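Here is the structure we will look at.
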Amino acid sequence: MTLQTTRISRRSLALGIPLAGLATALVGCNANNPKPGETAAATSSASAAKGGTLRILTGATSVNWDPAISQGLAITSLGLVQRRLTAWKIGAEGTSVVVPDLATDTGTASDDGLTWTFTLKDGVKFEDGTAITSADVKYSVERSFAPQLSGGLGYHKGLLVGGSEYSGPYEGKELASIATPDEKTIVFTLTSAYGDWPWIVSMPAFSAVPKAKDNVKTYTTTPVASGPYRVEKTVEGTSITLARNEHWDPATDEARTGGPDQVIFELGQDATVAAQRLIADSGNDQFAFGASFVPAAQLAQVQSTSAKDRLVTSGPGALAYLAINTQAPGLDDVNVRKAISLAVDRNAYRVAVGGEIAGDFADTLITPGIPGRVEYASLLKDVDPAGDVEQAKKLLTDASWVGRALKLAVGDDAVSSTQAQAIQQGLQRAGLKVTIVPLASDVLTEATTQGDGSKYDLTLSSWQPDFPSANGNIQPLFASDQIGKGGYNLARYSNPKADELIKKATATTDPTEAGKLWAQADELINADAPVVPLIYTKNSFLHGSKVLGFAIPAFPAYPNYLTVSLAQ
């Protein structure tokens, strides 16, 4: 979640995708490529092909396989090795749906929505052939509370009864809100109804970890596999080799195809070099794909080579936006915030990140591909992307704000500077004085997510939800309890009506009804103009000529590692 102008939910990134890549990634799409919504054929091909060695070229220098610490997407690296109670499956229309994984279904809620019950499938085993039990899942979740294993996705920690006081199993204590009445049944008791719980249990912590084989120091590199692959070999800083898990039963798994015999992560790969290798498409690179966005220069090069047929582009993904600190002096005036929104030159911003192919202009808060998103007459709906300077000036004049100074806090890198300048010039047209304040990544994060917010008036950010629900868009960015203390309500927005809608939508177990409430929240919050929606970003990835089933769903805007296979 944290990297200045390219701040994107780190919890939602596929392995090895550098955050800074978001700002510079251009996007191109070829008619021969699978597009979002056209994944069925690709998945079918992957299902039919078995064998070979798949190589994943990543900029990461290591992979942390511990499910308590991971913030990875369900469809990327850890999903190859570890199964969870539920999983994500990409449908024929490119949409992500939650499906049973270790469990027989996606959970049964009590009438009041406070308890969720899951039953494990028959035939699910660890890599040593041992049957996976409900106790293994319970232990996996419990260890995610341990202070020494902090940093992973933590949605469940505030939802499970007693979670706020629990500190893990290493002191001999269990979490009573996770019950295992028998080896196949696990029951979770929540502090309040939570309709998206089936998505929560698809996250890494809801894997299975055998207590007898848990070693906090070594589990990061030698996890016990439950998926189609096990970690066979690690060469520190160089590579990780996954081999088949012979005790994985594909008949119990509807999310993974287990195509390649072997998967090798090539670590520390520069994105530019990796792209050049994939463009050349020689030797082992024919059986590889890049985990990083294709850099701008290589994307331009691809368009004039045969590699353009191997370029796969996402649909609209993360929401890039300008956050307005609503608690800064004068910015509590909604008309001032609307003036800023109207003055921003979204077109100049898009040019700064690559032009038209970098993404679609945004005007709502819920990103495309998320169920429940609706179009409505938002402030920027029919406004020219270059802005409405005259209307902005009028609003500023009425509020006696012409000539006022604003601090735009951004990262201290060249990409952030370019984006900030695009915002600066747009606001200056309306008579605002904008000072760009470059800050190191950790300093920027502290300034915007901690303390009283006095160090900034504006900041650029981008957000990719952790699961395909509007909950993942709205609650982290706009709930008042996410202000400061490490939360990502960068606009420091607080509206009791919005909080009530968020609370009600969160507790609604019917997805259709929840979607309606999230849509109401989107419109209510957007009318208060706490942020300026800029673009819905797009991502492009390259793969080798022998790679099959390489597709990007409507959500998330990253490749689905679990269905990739190889031509034989």
Side-chain angles (χ1 to χ4, degrees), residues 3-8 20-28 293 295-297 299-300 316-325 336-365 378-396 401-438 456-463 490-491 526 529-539:
L3 192 61
Q4 52 279 9
T5 66
T6 56
R7 189 185 286 113
I8 180 172
L22 180 65
T24 57
L26 300 179
V27 182
F293 306 154
L299 188 57
L319 171 68
Y321 64 95
L322 175 70
I324 303 172
N325 184 350
V336 172
R337 299 197 299 270
K338 287 182 178 180
I340 290 172
S341 298
L342 292 166
V344 166
D345 188 341
R346 290 179 291 158
N347 189 58
Y349 174 84
R350 189 168 72 166
V351 169
V353 296
E356 182 178 353
I357 55 176
D360 298 337
F361 291 117
D363 64 280
T364 65
L365 307 176
S378 66
L379 175 65
L380 298 178
K381 180 69 174 177
D382 297 316
V383 173
D384 189 300
D388 186 339
V389 178
E390 293 309 310
Q391 180 62 18
K393 285 181 177 179
K394 182 179 184 304
L395 289 172
L396 291 172
W401 248 76
V402 176
R404 295 287 286 269
L406 293 168
K407 296 177 292 186
L408 172 56
V410 297
D412 59 357
D413 58 283
V415 171
S416 299
S417 177
T418 300
Q419 294 181 19
Q421 289 169 21
I423 298 298
Q424 181 188 50
Q425 65 88 17
L427 297 182
Q428 286 178 339
R429 298 176 306 170
L432 293 169
K433 297 178 182 179
V434 180
T435 300
I436 297 173
V437 183
Y456 72 103
D457 298 310
L458 309 170
T459 189
L460 281 162
S461 187
S462 183
W463 188 264
L490 306 183
N526 210 5
V531 304
V532 184
L534 298 171
I535 64 171
Y536 304 117
T537 60
K538 295 182 180 180
N539 307 325

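Because the structure is a prediction, the values reported are computed rather than measured.
Under a 3.5 Å cut-off, the side chain of Arg350 and the backbone N or O of Asn347 do not form any donor-acceptor pair. No donor-acceptor distance shorter than 3.5 angstrom exists from the side chain of Thr418 to the backbone of Ala352, with no hydrogens or angles considered. Side chain of Thr459 to backbone of Ala323: no donor-acceptor contact under 3.5 angstrom is found. Remark: side-chain polar atoms of Arg346 are not paired, donor with acceptor, to backbone N or O of Ile535 under 3.5 angstrom. In this structure a side-chain-to-backbone donor-acceptor pair under 3.5 Å is missing from Asn325 to Asp457.
For the pair Ser341 and Val532, the tightest heavy-atom approach, listed with the atom from each and the gap, is OG-CG2, 3.5 Å. When every heavy atom of Tyr349 is checked against every heavy atom of Leu460, the shortest pair comes out as CE1-CD2, 4.1 Å. Across all non-hydrogen atoms, the minimal contact from Asp345 to Gln425 is OD2-NE2, 3.1 Å. Between Thr364 and Pro533, the closest heavy-atom pair is O-CB, 4.0 Å. Contact detail for Ala358 and Val353: the closest heavy-atom pair is CB-O, 3.4 Å. Across every non-hydrogen atom of Tyr456 and Leu490, the tightest pair is OH-O, 2.6 Å.
In this structure the side chain of Val383 never reaches within 4.5 angstrom of the side chain of Phe361, judged on heavy atoms. Under the 4.5 Å side-chain criterion, counting only non-hydrogen atoms from C-beta, Leu380 is in contact with Leu342. Side-chain contact between Ile436 and Ile423: absent, with no pair of heavy atoms (C-beta onward) separated by less than 4.5 Å. Side chains of Ile340 and Leu427 form a contact here, defined as non-hydrogen atoms less than 4.5 Å apart. Using a 4.5 Å heavy-atom threshold, the side chains of Trp401 and Leu432 count as touching.
Distance NZ/Lys338 to CD1/Ile324: 11.5 Å, rounded to 0.5 Å. Once rounded to the nearest 0.5 Å, the distance linking CG of Asp413 with CD of Gln419 reads 8.0 Å. One finds the NZ atom of Lys433 at 11.0 Å from the CZ atom of Arg404 (value rounded to the nearest 0.5 Å). The CG atom of Leu408 lies 10.5 Å from the CD atom of Gln421; values are rounded to the nearest 0.5 Å.
The 12-atom threshold is not exceeded at NZ of Lys394, counting heavy atoms of other residues, nucleotides or ligands nearer than 6.0 Å. Heavy-atom contacts from other residues, nucleotides or ligands closer than 6.0 Å to CD of Glu356 number 12 or fewer.
Donor-acceptor pairing under 3.5 Å is recorded for the side chains of Ser378 and Asp363.
The only member of Leu319, Leu365, Leu458 that meets side-chain contact (heavy atoms from CB on, under 4.5 Å) when paired with Val531 is Leu365.
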